[in-house]
Each structure stands twice: as C-alpha cells, then as structure tokens.
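A short write-up of the structure that comes next.
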Amino acid sequence: MEIINWSSILESLLFAAGDEGLSLKQLAEVLDIDEIKANEIIEVLKQEYDKDENRGIIVVQLAGTYQLATKKENAPYLKKLVDSPNNSTLSQAALETLAIIAYKQPITRAEIEEIRGVKTERPLHTLVSKALIKEVGRAEGTGRAYLYGTTKEFLDYFGLKSVNELPKLPEKVEDDYIQEEADLFFEKFQETINS
Amino acid sequence: MEIINWSSILESLLFAAGDEGLSLKQLAEVLDIDEIKANEIIEVLKQEYDKDENRGIIVVQLAGTYQLATKKENAPYLKKLVDSPNNSTLSQAALETLAIIAYKQPITRAEIEEIRGVKTERPLHTLVSKALIKEVGRAEGTGRAYLYGTTKEFLDYFGLKSVNELPKLPEKVEDDYIQEEADLFFEKFQETINS
Amino acid sequence: MPYQVKIDAFEGPLDLLLHLINRLEIDIYDIPVAQITEQYLLYIKTMNELKLDIASEYLVIAATLLEIKSKMLLPKHEEETNENVDEFSYEEDPRDELVERLIEYRKYKEAAHDLKSMEEERGLMYTKPPSDLSDYVKDIRPEKTELNVSLYDMLAAFQKLLRRKKLQRPMATKIARQEISIEKRMTEILDELKQLKGRKNFNELFPYPAKDHVVVTFLAILELIKRKEVDVEQQENFGEIFVEAVKKGAKVVGNY
C-alpha cells in the first residue's frame, strides 16, 4: 500500500501558495479529505516545525487561511536582506510592476495589485524614485486613483524610441485560442475521415 | 555563547526570496560569512531536506541562484490547486528554434532558418516575449542582423544551473527515431486521398 | 474568418523528409531519391487537396528533390569521355548536401526533444513569489542610482509573474470537461430535428459557446449532410441557413 505523506504534501501546498495562503476548505478539497482530517494534518506539520529548531519557517493562521511564514528570530537577517540589495538592480517585485505598467499604461495601483496579487506600494515608490514611472493622471470614477505610466527616462534607460518598440507579448490568449482551435479541429477531422 | 542556527536562517532567507532566488554572493553578504562557508551551509540544508521525507520542499540551483521549490512527487496535488491545467508549454517550432539558439548562440535568424528549413519569425517572437531568448548583438557584415542568445529565464525555465549543464548535442541520432504522431498523421492523409 | 488550419505534424520540409526516411526505413546516407520524391510530392498533393496552406519552403525542397532525381538519372558520360580528369570529377553525390542538412537538422530536433522533457520535469516544481518584506524596510527613499537591469530582466520578471499567477487563483470553479463525440452529437442533433418536424436555424444548433462543442457540432452536421440524413438550405447568399431532418423513410446507412 502506498503511504501518503501528508506533511510533505501540505508543506508543498502551503509553500507554493505563498502569501495568499490556503483555507481549510481548499486544503481539504485538494487533499480530498474532510476538514477535520485536514486540520489534524496541519497540527502535525506545526508540531514538526516547532520541535525542529533547524526550521526557519512556521505555519501561521491569518485571515482564515493557513500560510507559511519565516521565524521571528530570523528577522534581523531578513532586514539585512532587504537593506543589502545590490542597489543597482531592481527587485523582482519592481520589475514585475514596471512590466505591468509598461504594457498596460495608464494603470492604477489597484489594477496592478489585481494582476500581481500582492500589495505594490513599495515597488511603485521605488520606480517613481528612480524616475522610471510617474503619475500621468487620475482615473475616472470614485476615488479618482492615480494612473501610472512610464517616463522618458524609462525609454532612454531601455533604449527604446517609444513604448511601441517594447517586445510584443505573446498574444497569449488569442494565439493559444487559434492554435488550440486548429488542433482540435484537426483532431476531430482525423476522427471523421477515419470513421 | 549564542549558537547561530544556520539552517534555520538560510531556510528563512530562501523562503523569503522566493523565485527571485539568492546567489551565493548575496547569501554570504547577508550572513556575513565567506562563500565557502555559505556553500557548506547550503549543503547542510539540502541534506536535511533530503533525509527528512516529511519535507515537501527542496533546494534547487537555478540560473545562478539558490531557491526553494516543491518536491516533484507532490506535483499532482499542486496541479489540483491550479484552476486550469493548461500550463502553456512551448510548441515544437519554438523548442526547435530554442534548441538551435541554445547550442549555437550567438546566432542570426537566417542561420536558424537555414537549419530548420522554414521561416522562424513567429517562434522567435514567442521566445523573445517569453524572455527565453534575447538579442545579444549584431552580426558583422551587411544587414547587421540581430544575434540571438539564451537568457537567465531560459535556465530557470528548464531547470538549469548554467548553459554548460545542457545535455550534449547528440552527434549521432538513432536512425530508428520514430515520430509516432507524425506517422499517424500520414496514414490519415493517405487514407483521405485514397478514399 | 476562414479557418486556417496549420499543419503541426511537421516542422517544415526537412522534418517531413526525415519522417519519410524513417517511415520507409531508409538509410539516410543512401536515400532512394526516386521513391522519396514520389512520397514527398504525394504529401504535397494531399495537402493541396485538403486545401491546406503549403509553405513555399515545401515547394523549394520539392524542386531540390526533383533536381537531384534528374541528376542521378543522367548517365555519367564524363567518366567515360574524359578519363584523364582525375579525383575531382569523382562524382559528387548530388544528395550529399541534402543529407548533410538533414543530419544537422535532426540533431536539433533531438535536442528539442530533450528540452521538452526538461520543460516537463521543471514544470513539476513549484516556486513561490518573493515574500513581501516591506515591513522590514527602513523608510529611506532609494536614491537615483545607476540601474543595472535590462528590458529582458523586466520581461523575465513578467513571465515569472504570469506563470506564478496560475496557482493563486482560487479553485472555485472546476468544471470537469466532458468529451463529446461527433457520433453522440450527431444523434442529438438528429433527434432534435426529428422532434421538431420542421427546419431549424443553423445557428440554433450551437447552444454552447465552448469551442470544442462548436467544432464537434459543426463536424457532426457536416457528417449528417454527407450521410444524407439532414438537408440544408439557404435562400440566398449570406442568408439564414436552415437544417432539416431528411424525411425519407429509409435511413441511409453506411459510410460515404
């Protein structure tokens, strides 16, 4: 009989879910068990973490979800990590944010956060302070949120004449659609001529 | 004297860095140790993960950085977490083009087309927009065509530490290399015209 | 928009040639040109009949094959006539260049195959986005320093985001995809039409927008027409199309 290693699976799931976390319900569904059992499994993982001081992560329960987080004791090192970034490069968060703005400008912070799934205040600050983006207006509607766009410095920096020169994104949806459709059509076509 | 628990700290750092990863140099800096020591610490954590089957994460070396990732065995559960199982993989055309670039970089489009025997504009676009290849310069001579090479993202995408890790280019390919799908396809064609 | 079906089975003429060579179990170094050429042209003809786009490169190779074939058919007079011409008239095999290209191409096709499995392997590992560490940041405004990133770094970050995002979506709706067969859809349509005892607007036969359903329905209708089980009429160009079950008593059975 195959033994399912719940701890291992749970750790994988929580790890990949990141800051989003997973609810007990989601976990139960994915693991195909009931919530009581899911809860037990979580408790087991928690205990394993607690008793093994070599772990640097813990299980926390936040806003109805379970997620992994770093151990508080290690905070000083995380601080050093944040402080030390080779100041010459942008963090991935900043690069992601910049990409979204470059391709979707003008865009509000809320829309960016919608795409990234995480708070984006800091990357925006960084990008504004590096003059790669700027506020280009206000959105219609309530709140009249700021709209962000790229700057002339952005173009200079990346050696572009205009934003139109940005490499095309894979017209993902559309392309895949056409391709899939063609494949599907062909598959069925084969079935037909074969029948 | 306070004992520093390197494994725990390293796990915290790698966890926080996520898919941005940390280079040996960064780790050494943050931990305030030399790279040899940093390397040792990484090895220790790796071993701890390996010998404890309750872990669901592993340390991987991707494109020059260390990252945490989930264990491959647990992939079926992670897949269930994703709403559409369509992980858009690369098309055959894109893979062929990429293979040629990976082994012959820097290379121009014309040279790639010479090898493949077909136009290759579209796969090149796809690969650029997926950040798997980039323009790395211009060829000498008239036209000064763009030269293409692979990116860090390429390494990450295929799970490689560096391009040196690419499997050797097969010098002699087995003659009985069979393309079953193509075979099937051809049968159908014949049936159609014969019917 | 007309349906443009692209043939994915082959990645170009060299790929097709390789396939033929494999299929016929031919030695790549000693290709029977006449046979290969015939097969190759047959393929092109089929594509043509199926009204599929044939990239011009296919025709170029077809011409090359024909050229090689004719060269090989030519009697080799030179050997007899000027016997004193030495080594370099040791006939060059007209196939050499093509064979070289095929072998070179095959290497990369194999390499692409390797990449594919690496892609799959890598796809089994999931990573996580960097944690939000803003709580740890002292609020110093980063000064304007020289950056050391390229456009590609930005694109790469964006790609990572796209890949990652898939995992974040809540798993609220997960509809099991049902495979519908053409046969089943044919029966459904026919039953529907028979019950109606009249004609039905073509468009109304496509109740679900899901594309596989649309395609299957469309093919089912074509097949029904072919089997003369339904009639289709259209009053004028671009007019509405109506479909009706054939009233004749005996069902036309059998293929084609």
- prompt: Relative to chain B, which of A/L45, A/L78, A/I58 shows the most heavy atom pairs under 4.5 Å?
  reply: A/L78
message: Can you tell me which of A/P167, A/S7, A/G56 forms the most heavy-atom pairs within a distance under 4.5 Å of chain B?
response: A/G56
message: Quick check on B/L14 against chain A: is it the side chain, the backbone, both or neither that has a heavy atom closer than 4.5 Å?
response: neither
- prompt: Under a 4.5 Å heavy-atom cut-off, does chain A meet the side chain of B/E48, its backbone, both or neither?
  reply: side chain
Check the surroundings of atom [atom1] in [X]: do more than 12 heavy atoms from other residues, nucleotides or ligands lie under 6.0 Å from it?
| X | atom1 | value |
| --- | --- | --- |
| A/E121 | CD | no |
| A/K119 | NZ | no |
| A/I36 | CD1 | no |

- prompt: Going by atom types only, do B/N5 and A/E53 share a side-chain donor-acceptor pair under 3.5 Å?
  reply: no
- prompt: For chain A, which residues of residues 65-77 of chain B have at least one non-hydrogen atom nearer than 4.5 Å to it?
  reply: B/L68, B/A69, B/T70, B/K71, B/N74, B/Y77
statement: dist B/L81:CG -> A/Q26:CD (nearest 0.5 Å) comes out at 6.5 Å
- line: Under 4.5 Å to a heavy atom of chain B? For A/Y103 that would be neither
query: For the residue pair B/D19 and A/Q92, what are the closest heavy atoms and their distance?
result: OD1-NE2, 3.0 Å
message: Does any part of the side chain of B/K80, heavy atoms only, come nearer than 4.5 Å to the side chain of A/D32, both counted from C-beta?
response: yes
query: Heavy atoms, side chains only, cut-off 4.5 Å: are B/R55 and A/R55 in contact?
result: yes
